[in-house]
Amino acid sequence: MLRKKECVAMLLAGGQGSRLYALTSNIAKPAVSFGAKYRIIDFPLSNCINSGIDTVGVLTQYQPLVLNEYVGNGQPWDLDRTFGGVHILSPYEAKKSTSWYKGTANAIYQNIRFMKMYDPDYVLILSGDHIYKMDYDKMLKAHKDAGAACTIACMEVPMKEASRFGILNTNPDGSIYEFEEKPKQPKSNLASMGIYIFSADKLFKYLELDEEDPNSENDFGKNVLPAMLNAGEKMFSYRFEGYWKDVGTISSLLEANMDLLGVAPNFDLDDQDHVIHSRSPLSPPAYVEGEVVNSIVANGCEIEGKIVNSVIGTNCVVEEGAVVCDSVLMGNITVKKGASISYSIIDEEVTICENAVIGAVKEEAAKVESKTAGITVLGRGITVKEGGKVAAGEIVDKDV
Amino acid sequence: MASTVGVIFSSINDENVPELTRVRSMGSVPYGGRYRLIDFALSNMVNSGITTVGVITKQNYQSLMDHLGTGKDWDLARKEGGLILLPPYSDESETLYKGRLEALKGATSFLKKCKQDYVVLSDSDSVYKLDYSKVIKYHEEKNADLTLVYHEHEVSKSHYYVTFETDESGRINDLCINPVTSGVKKNYINVMVARTSFLLNLIQDAIQHGYTSFGRDILVPGVKNMKLYGYKLEGYYANIDSLEAYFNANLDLLSKDIRQEIFGDRDVYTKVNDSAPAKFTDTAAVKNSLISDGCLIEGTVENCILFRGVKIGKGAVVKNCILMTDNYVGHDCNLAYVVSDKNTIIRDNRVLAGCEIKPYFIGKGALI
C-alpha cells in the first residue's frame with residue numbers, strides 16, 4: 001500500500017521573538033507560557049489535531065531546548081504516530097553546505113525531503129506565535145474548491161494597524177491580485193495571518209526557484225508569495241472570523257492573557273468542541289484561601305494572598321498579604337508575604353521576596369513611556385530581594 | 001532496589017463504601033480533586049522503581065480501565081512489563097473470587113511469568129506515601145517470609161480488619177482478625193512484601209488444601225509456622241472504609257502539612273486531562289478549598305474539594321462539600337456537608353445539607 005498523507009503541516013517555530021525581550025532570552029517564542037497552563041505552541045498543534053492533520057514538522061532554530069522537551073514525542077496532542085506525528089526539524093549539516101534557516105521560505109526549503117516522505121498533496125504553513133482556534137480542514141476545502149495554488153488565511157484588522165501586516169488586495173471572488181508586505185499606505189485592511197496552504201507541487205517548485213535567486217531574502221511574505229502572484233498562479237484569500245492574536249509583543253501577550261478572563265471571555269479556553277491540548281503538569285488542584293477575583297488559576301497553586309484580574313500559572317505560591325493585580329504569573333513563581341505586583345508579566349521560576357513592589361497600578365503604568373507600554377517584565381529564574389522595587393515599564397533579567 | 005513486581009487489588013473492600021462503589025470499583029473512586037484512589041497505590045509503586053504492575057479487577061471495572069488506559073500516565077506503557085490488567089478468570093465450575101487468596105489464584109499465571117524476585121501486594125482503598133524499596137530492604141534484612149506493613153491508629157470499624165503485635169525485632173507474635181478491642185493498635189494496611197517464589201508456593205499450597213481466606217488460613221497460622229514481620233508506615237494514612245472516612249480523607253487535603261506530605265516531593269501520577277485552568281469571576285469568594293482545572297466559580301466556596309469541571313453559580317454558598325467531576329451547582333443554592341458524585345446537576349435555589357458525621361450523598365448523574 002502506498003503510504004501518504006493528504007496534508008502535512010509545517011510549523012515555523014524558530015524565531016527569536018526579540019520583542020518579547022527577557023521572556024525569550026533562553027527559550028523560543030512558541031515555548032513561552034500562555035493562559036496559566038499552556039505554551040503558545042499548544043494552539044497551532046491543537047488546531048492541527050482538531051482539524052484532522054496528524055503530521056506536523058516543527059522547525060526550530062533559536063534556543064530550542066525547552067521547546068524540544070515540551071513537544072517531545074507529541075503524545076499530549078495525540079501526535080505520537082507510527083506514520084506521521086510530530087517531528088522536530090532543526091537545521092542540519094549536509095555534505096555540500098551547512099546553513100542555518102535563513103528565512104521562513106528557506107527553512108521550509110531545507111525540509112523538502114521531510115515533506116516528500118509523506119507524498120502530500122497539500123502543505124499547511126503555520127506560525128508558532130499566534131493564539132487562535134481554527135479548523136484548517138475548512139480552509140483546505142476552500143483551497144480545493146477554488147483550485148488554488150496557494151490559499152492565505154486572512155482577517156480584517158483596524159485600518160491604522162494594517163501597515164504592521166502583510167496586506168491582501170482581493171477581487172470579489174476572493175482571489176488575490178496584489179500582496180503587500182507591511183505597506184506604508186495599505187489599500188485594504190485584510191491582513192494575512194501567516195497561515196498558508198499550498199498545493200505541494202507548486203510549493204516545491206517556487207521554493208526551488210526562490211533558492212536559486214541570490215537576491216531573495218527567502219521569506220514567504222516578501223519573496224515567495226509575490227513571485228507566485230507575478231507568475232500568474234491562482235492565489236486565494238480565506239477569511240477567518242474569530243479570535244486571533246499575534247502575541248509577539250509584551251502588550252499583546254498581556255492583552256491576550258486578559259482576553260481569557262470573565263464568564264464570556266473574548267477567547268474561551270474551556271471549549272469542549274475545540275479542546276486545547278497541552279502537556280498538563282501533574283500538580284494537585286489549586287489551594288485557595290485568599291481572595292481571588294476575575295482571574296484564572298492553574299493546578300498546583302497555593303494562593304493565600306489577593307489575586308485580581310490576573311492569570312496565575314501552574315505551581316505558583318502567593319503568600320498571605322501579597323497582592324497580584326492585572327498581571328500574568330507564568331509558573332513556579334513564589335510571591336512572598338506583603339509583596340505586590342501590578343500590570344506585570346512574570347516569567348517562570350521567579351521569586352519575589354517579602355514586601356517587594358513590582359510595577360505600578362495599571363492606570364498609571366499605562367502612561368509610562370517604555371518599550372513595553374508600561375508593563376513590567378521579570379525574566380526567567382530571577383529573585384527580587386526583600387523590599388526590592390521594579391518600576392513600571394522596566395524589563396529585568398537578573399536579580400534585583 | 002531488588003527487582004520487584006507490584007500487584008494491586010482494585011476491587012477489595014468495595015462493600016465498605018457502597019455509595020461510591022455502586023458504579024465503579026474501589027480503585028477508581030475519585031479523590032482529592034483530580035485523582036482516583038488507585039493512583040496512590042500505583043504512584044507508590046512507580047516512585048519506588050517498580051515497572052511491572054498487575055491490577056486485579058473483579059466487577060464494574062469499566063471506569064477503572066478507562067482511567068488506567070495503557071498505563072502511560074504512570075510511565076507503565078512498556079514493552080517489558082508495564083501495567084497489566086488481570087480480570088477475573090474462572091472456569092465453569094467456579095464463581096467470581098470472594099477474597100484475596102482466590103483473587104491471587106487467578107493471578108498465578110501472571111506471577112509465574114514475572115522474573116522479578118520480589119512482589120508487593122497492595123489494596124487500593126488508602127491514601128499514603130510509602131517507598132517500597134525500604135520495605136523490601138527491611139524484608140531482606142530480617143530474612144522474613146512475609147512482611148506486613150502497618151500503621152498505628154485507632155482500630156477501624158470496617159467490615160474486615162487485622163491487627164497484630166510484634167516483638168522487639170519486629171517479628172509478629174500475635175495476629176487477630178476483627179478483634180473486639182479499641183485504642184491505638186498496629187493495624188495491618190493490606191500491603192505485603194514476599195519473595196515471588198515464596199508467594200507462589202503459598203498460593204499453590206492453599207489451592208491444594210482448599211484454603212479460601214488469606215487472613216484465616218495463612219496469616220493466623222503463619223504467626224507460628226512462618227517468619228512474619230511488621231514494617232511501620234510513618235506519617236499520614238487514610239483508609240476509605242466508610243462514606244464518612246471518604247469525606248474526612250478528602251478534607252484532610254486542606255491541611256498544608258498533609259498536602260505537602262502526599263504531593264510535596266514526588267509526583268502522584270494520574271490520568272491527564274486537558275481541562276482549562278480554573279476560573280474565578282468578579283463574584284467569586286473562595287476560602288480554604290482545593291479547586292481543580294476546569295472549574296468555574298461565581299459563588300462562595302469554603303472548606304471544599306472541587307473536582308474538575310465543577311461550576312458554582314452566582315449567589316450559591318457551598319461549604320464543607322466534596323463535589324466530584326462536572327458537578328453543576330445553580331445560582332443561589334446552599335450546600336453544606338454534601339458529597340456529590342460525578343455529573344450531578346443541582347438546580348437553582350436548592351438547599352441541601354448533611355452533617356460532619358453523616359454527609360449528604362448524591363449519586364452519579366442525579367438531577368436535583
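Sequence lines set the chain letters: A, B, ... in the order given, protein chains first and strands last, and positions in each chain run from 1. None of the values given here were measured: they were computed from a predicted structure.
- For a residue to count as touching a neighbouring chain, one of its non-hydrogen atoms must lie under 4.5 Å from one of that chain's; by this rule B/K271 does not touch chain A.
- With rounding to the nearest 0.5 angstrom, the CD1 atom of A/I296 is 11.5 Å from the CG atom of B/L296.
- Heavy atoms closer than 4.5 Å to chain A are found nowhere in B/A285, neither backbone nor side chain.
- Only the backbone of A/L260 comes within contact range of chain B, with heavy atoms under 4.5 Å apart.
- For the atom pair CZ of B/F280 and CD1 of A/I303, the computed distance is 8.0 Å after rounding to the nearest 0.5 Å.
- Proximity to chain A (any heavy atom under 4.5 Å) is restricted, for B/V268, to the backbone atoms N, CA, C and O.
- The distance from atom OG of A/S295 to atom CD1 of B/I297, rounded to the nearest 0.5 Å, is 12.5 Å.
- Across all their heavy atoms, A/P284 and B/Y35 have their closest contact at CA-OH, 3.2 Å.
- For B/R347, the CZ atom counts as loosely surrounded, since its 6.0 Å shell holds 12 or fewer non-hydrogen atoms of other residues, nucleotides or ligands.
- Residue contact with chain A, scored on non-hydrogen atoms closer than 4.5 Å, is absent for B/I262.
- Residue B/T281 touches chain A through both its backbone and its side chain, counting heavy-atom pairs closer than 4.5 Å.
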_For A/S280 and B/N273: C-alpha separation, side-chain torsions, deciding distance, then whether side chain to side chain donor-acceptor pair (under 3.5 Å) applies._
CA-CA 7 Å; A/S280 296; B/N273 184 293; over 6 Å; no
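- Residue contact with chain A, scored on non-hydrogen atoms closer than 4.5 Å, involves the backbone and the side chain of B/Y269 alike.
- Contact annotation for residues 285-294 of chain A against chain B (heavy-atom separation below 4.5 Å, listed by residue number): A/P285, A/A286, A/Y287, A/V288, A/E289, A/G290, A/V292, A/V293, A/N294.
- Looking at B/E302, neither its backbone nor its side chain comes within 4.5 Å of chain A, counting heavy atoms on both sides.
- For the side-chain contact (heavy atoms from CB on, under 4.5 Å) test with B/P277, the passing option among A/L269, A/V311, A/V297 is A/L269; the others fail.
- In this structure, no portion of B/F307 lies under 4.5 Å from any heavy atom of chain A.
- Within 6.0 Å of NZ in A/K306 there are 12 or fewer heavy atoms belonging to other residues, nucleotides or ligands.
- Of all the listed residues (B/S289, B/S292, B/A276), the one sharing the greatest number of non-hydrogen pairs under 4.5 Å with chain A is B/S289.
- Within the 4.5 angstrom heavy-atom criterion, atoms from both the backbone and the side chain of B/D282 approach chain A.
- Taking 4.5 Å as the heavy-atom cut-off, none of the residues of residues 318-336 of chain A approach chain B.
- Here the SG-CG distance, from B/C295 to A/D270, works out to 9.5 Å after rounding to the nearest 0.5 Å.
- Note: A/S283 leads A/A36, A/G35, A/G313, A/S283 in heavy-atom pairs under 4.5 Å with chain B.
- In terms of heavy atoms, A/P265 sits closest to B/K279 at CG-NZ, 3.3 Å.
- In this structure, no portion of A/Q272 lies under 4.5 Å from any heavy atom of chain B.
- Options B/K287, B/K72, B/K256, B/R259 differ in how many heavy-atom pairs under 4.5 Å they form with chain A, and the most are formed by B/R259.
- Here CZ of B/R34 is found 6.0 Å from CG of A/L282. Values are rounded to the nearest 0.5 Å.
- B/D274 contributes atom CG, which lies 9.0 Å from atom CH2 of A/W77 (distance to the nearest 0.5 angstrom).
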